[in-house]
Protein chains: 2
Amino acid sequence: MSNTEKDFLTNYNIHDYELPLTTVDMAIFTIRDEALNVLLVKRNQHPAKGKWALPGGFIDTHKDKSLDDTAKRKLVEKTGVKISHVEQVASFSGKKRDPRGWSVTIAYMALIADEHIKLIKDESSEEIQWMPVHQIGKKMSLAFDHKGILNACHERLKSKIQYTSLPVNLLPSEFTLSELQTTFEILLEKPVEKKSFRRRILSSDILEETGAMKSGPSRPAKLYQVVNKEGKNYLFPRTLEGSR
Amino acid sequence: MSNTEKDFLTNYNIHDYELPLTTVDMAIFTIRDEALNVLLVKRNQHPAKGKWALPGGFIDTHKDKSLDDTAKRKLVEKTGVKISHVEQVASFSGKKRDPRGWSVTIAYMALIADEHIKLIKDESSEEIQWMPVHQIGKKMSLAFDHKGILNACHERLKSKIQYTSLPVNLLPSEFTLSELQTTFEILLEKPVEKKSFRRRILSSDILEETGAMKSGPSRPAKLYQVVNKEGKNYLFPRTLEGSR
DNA sequence: GTAATAGTGTCTATAAGACACTATTGA
DNA sequence: TCAATAGTGTCTTATAGACACTATTAC
């Protein structure tokens, strides 16, 4: 009997080994009513039927070219949003986190702007809604270990805003510096000094003026957009500490 | 027929769905001969038999309580090292990265000190050795997408040394500030200003004097050890840029 | 005019970079 | 004594924080 890789693969049966269940779960964040919100779905099917959970599910090995595709597919299925920041956060694993058996979930977070979004119910969820993140910590329980996953995603987000421009992804395509500052303040949970903030953002060249102005009840503000949207998030040389 | 979660689980068969292969791969880093090295094994079995690869493999759903356990188990199996920094980096996935089918690997990096380590061959590897990371980029090919995984781990390491004290994990339990500085310089690939470096490290309180001195051909140096080994890595308020 | 929000000028504080200096060992 | 490496003093630089100031709109 020969021993080529081809022979090996011919005789290889993926089910000869005990494989873990592998899924993707997502914390989809947005800012609504001056607060950080995350998208939750009420599970329609066992296990954990009737419980609120992060959207997620199995990999479609026919449709998905990678886990990133799986995550983006889930995002589109629930929100219709195609372009946004989607980032792998961490994986969670173990024998007990899912009653179906040893499982692994790769957690993603997505940041989207709260504009023109219509949430989409499907066969896996009887309800879908935005929930303020600070309300989940205390009152609610989530399915599986989703509270821990949400926590990890929230921590990642809070950590990254210290030194990156990530929060721009929570805003619509055009926004004022004051709106951006408010977003940072919501995430940092403390006020940010206006001059420092503007200096930091403007000197980083991550934004450019659109030329348009946003009018309101007072002085109109310049509108900005992100430069080079496909590029990486800018890394600031110092952390933003917020007012002391 | 009732519809409880228990009934659901009774009838649930994990193999009714097409599951991806899920594995763990590790970039185990150390400093040897003034260079960053990574541990490679020569694969003894199909697929990619005979190729150099990062150590890794399947989850043992009986032994491993989590993927972190899987990673730590692999580390001990290859190096005998139990205590070290082990960190999840990212996952890699897709239909084509492994010829056996749609697969997911969770990549870990480990940082260990190059002391008293005896590399351990086992049934999965005919050879095991340290390889300088800079030699892999150009000449060598690695099995599967392991070069991409190694790259991601290397990038993560390089990024984290800018603002954390991570590299202390590459040194033995007692070391001098000069040795620590050299380690940072190897990772940053540029010289670091001595006074700035010492000020930064000493003011962070991540180290404490052991009381002992390291003698050499010149003035003896104070030996330091990490304070609070179980704690997190210290986050510096500014990045280390190295000499300009 | 006033209220409200946008946007600036400029001083201080902090931690990094530069670099010359002193200290302590072995040979 | 000298060579070598450990360790310090102190000036400069870069960027964040503080906070008062001016600018522009609607009413």
Side-chain angles (χ1 to χ4, degrees), chain A residues 34 161-165 167 171 174-185 187-225 234-244, chain B residues 34 161-165 167 171 174-185 187-225 234-244:
Chain A
E34 310 269 290
I161 58 180
Q162 307 281 335
Y163 50 92
T164 73
S165 53
L171 288 163
E174 297 195 358
F175 49 86
T176 69
L177 285 184
S178 294
E179 288 165 349
L180 184 58
Q181 181 177 339
T182 301
T183 302
F184 271 80
E185 288 173 333
L187 296 175
L188 283 167
E189 297 179 296
K190 57 185 171 184
V192 168
E193 214 291 313
K194 183 167 58 167
K195 185 64 198 292
S196 312
F197 181 77
R198 301 172 85 92
R199 212 174 22 204
R200 179 178 166 102
I201 298 294
L202 292 176
S203 68
S204 73
D205 291 325
I206 53 174
L207 300 184
E208 63 187 8
E209 297 179 15
T210 66
M213 303 289 281
K214 176 158 190 170
S215 299
S218 70
R219 176 175 173 175
K222 281 182 184 170
L223 281 165
Y224 290 83
Q225 63 194 6
Y234 181 79
L235 272 174
F236 293 95
R238 300 196 194 170
T239 58
L240 227 203
E241 298 178 35
S243 301
R244 293 182 186 160
Chain B
E34 310 268 291
I161 58 180
Q162 307 281 334
Y163 51 92
T164 73
S165 52
L171 288 163
E174 296 195 359
F175 49 85
T176 69
L177 285 183
S178 294
E179 288 165 349
L180 183 59
Q181 181 177 339
T182 301
T183 302
F184 270 80
E185 287 173 333
L187 295 175
L188 284 167
E189 296 178 300
K190 58 185 171 184
V192 169
E193 213 291 314
K194 184 167 56 165
K195 185 64 198 291
S196 312
F197 181 76
R198 301 172 85 92
R199 211 174 23 204
R200 179 179 165 101
I201 297 294
L202 293 177
S203 68
S204 72
D205 291 325
I206 52 174
L207 301 183
E208 63 186 7
E209 297 179 16
T210 66
M213 304 290 281
K214 176 159 189 169
S215 299
S218 70
R219 176 174 173 175
K222 282 183 183 170
L223 280 165
Y224 290 83
Q225 64 194 4
Y234 182 80
L235 272 174
F236 292 96
R238 301 194 194 170
T239 58
L240 227 202
E241 297 179 34
S243 301
R244 293 184 184 157

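Letters A, B, ... mirror the listed sequences (proteins, then strands); counts begin at 1. All figures in this text were calculated on a predicted structure; none of them were measured in a lab.
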Original post:
What pairs meet the salt bridge (Lys or Arg N to Asp or Glu O under 4.0 Å) rule with one or both residues in residues 209-218 of chain A, with sequence neighbours excluded?
Top reply: A:E179-A:K214, A:E209-A:K222
**OP:** Just say parallel, tilted or perpendicular for the rings of B:Y163 and A:Y163, cut-offs at 30° and 60°.
**Re:** tilted
**OP:** Please state how far atom NZ in B:K194 lies from atom C1' in C:dA15, giving the value in whole angstrom units.
**Re:** 19 Å
**OP:** Please confirm whether the backbone N or O of B:V192 pairs with a side-chain atom of B:E185, one donor and one acceptor, at under 3.5 Å?
**Re:** yes
Subject >> Distance, rounded to the nearest Å, where B:L202 contributes CG and D:dG9 contributes C1' >> reply: 15 Å
**OP:** Looking only at side-chain atoms of A:R198, point me to the closest of C:dA15, C:dC19, C:dT8.
**Re:** C:dT8
Original post:
If you pin B:P220 and B:K195 to their nearest nucleotides in DNA chain D, which one's is more 5'?
Top reply: B:P220
Subject >> Polar side-chain atom of B:R200 near backbone of B:R238 as donor-acceptor pair, under 3.5 Å >> reply: yes
Original post:
According to a strict under-4.0 Å criterion, is A:R219 in side-chain N/O contact with OP1 or OP2 of C:dA4?
Top reply: no
Original post:
Can you tell me how far P of C:dA6 sits from CD1 of A:I201, to the nearest Å?
Top reply: 15 Å
**OP:** Name the nucleic acid region contacted by A:L240, choosing base, sugar-phosphate or nothing; use a 4.0 angstrom heavy-atom cut-off, strictly under.
**Re:** sugar-phosphate
**OP:** Output yes when at least one side-chain N/O atom of A:S178 is less than 4.0 Å from OP1 or OP2 of C:dA6, else no.
**Re:** yes
Original post:
Could you state the CD-C1' distance from A:Q162 to D:dT15, rounded to the nearest angstrom?
Top reply: 16 Å
**OP:** Please assess A:Y224 against A:L177 for the test side-chain contact (heavy atoms from CB on, under 4.5 Å), listing each intermediate value before the final yes or no.
**Re:** CA-CA 7 Å; A:Y224 290 83; A:L177 285 184; 3.6 Å; yes
**OP:** Report which part of the nucleic acid B:R199 touches: base, sugar-phosphate, or nothing (heavy-atom distance under 4.0 Å, all strands).
**Re:** base
Subject >> Separation of D:dT15 P from A:D205 CG (nearest whole Å) >> reply: 12 Å
**OP:** Report yes if a side-chain nitrogen or oxygen of A:R238 is closer than 4.0 Å to either non-bridging phosphate oxygen (OP1 or OP2) of D:dA16; otherwise report no.
**Re:** no
Original post:
In whole angstrom, what separates A:E209's CD from C:dG7's P?
Top reply: 9 Å
Original post:
Taking the side chain of A:P237 as heavy atoms from C-beta outward, which of D:dT25, C:dG7, D:dT15 is closest to it?
Top reply: D:dT15
Subject >> Nucleotide C:dT25, atom P - distance to CE of B:M213 in whole Å >> reply: 7 Å
Original post:
Atom CZ of B:F197 to atom C1' of C:dA18: distance rounded to whole Å?
Top reply: 17 Å
Subject >> Most 5' of B:G216 and B:F236 on DNA chain C, judged by nearest nucleotide >> reply: B:F236
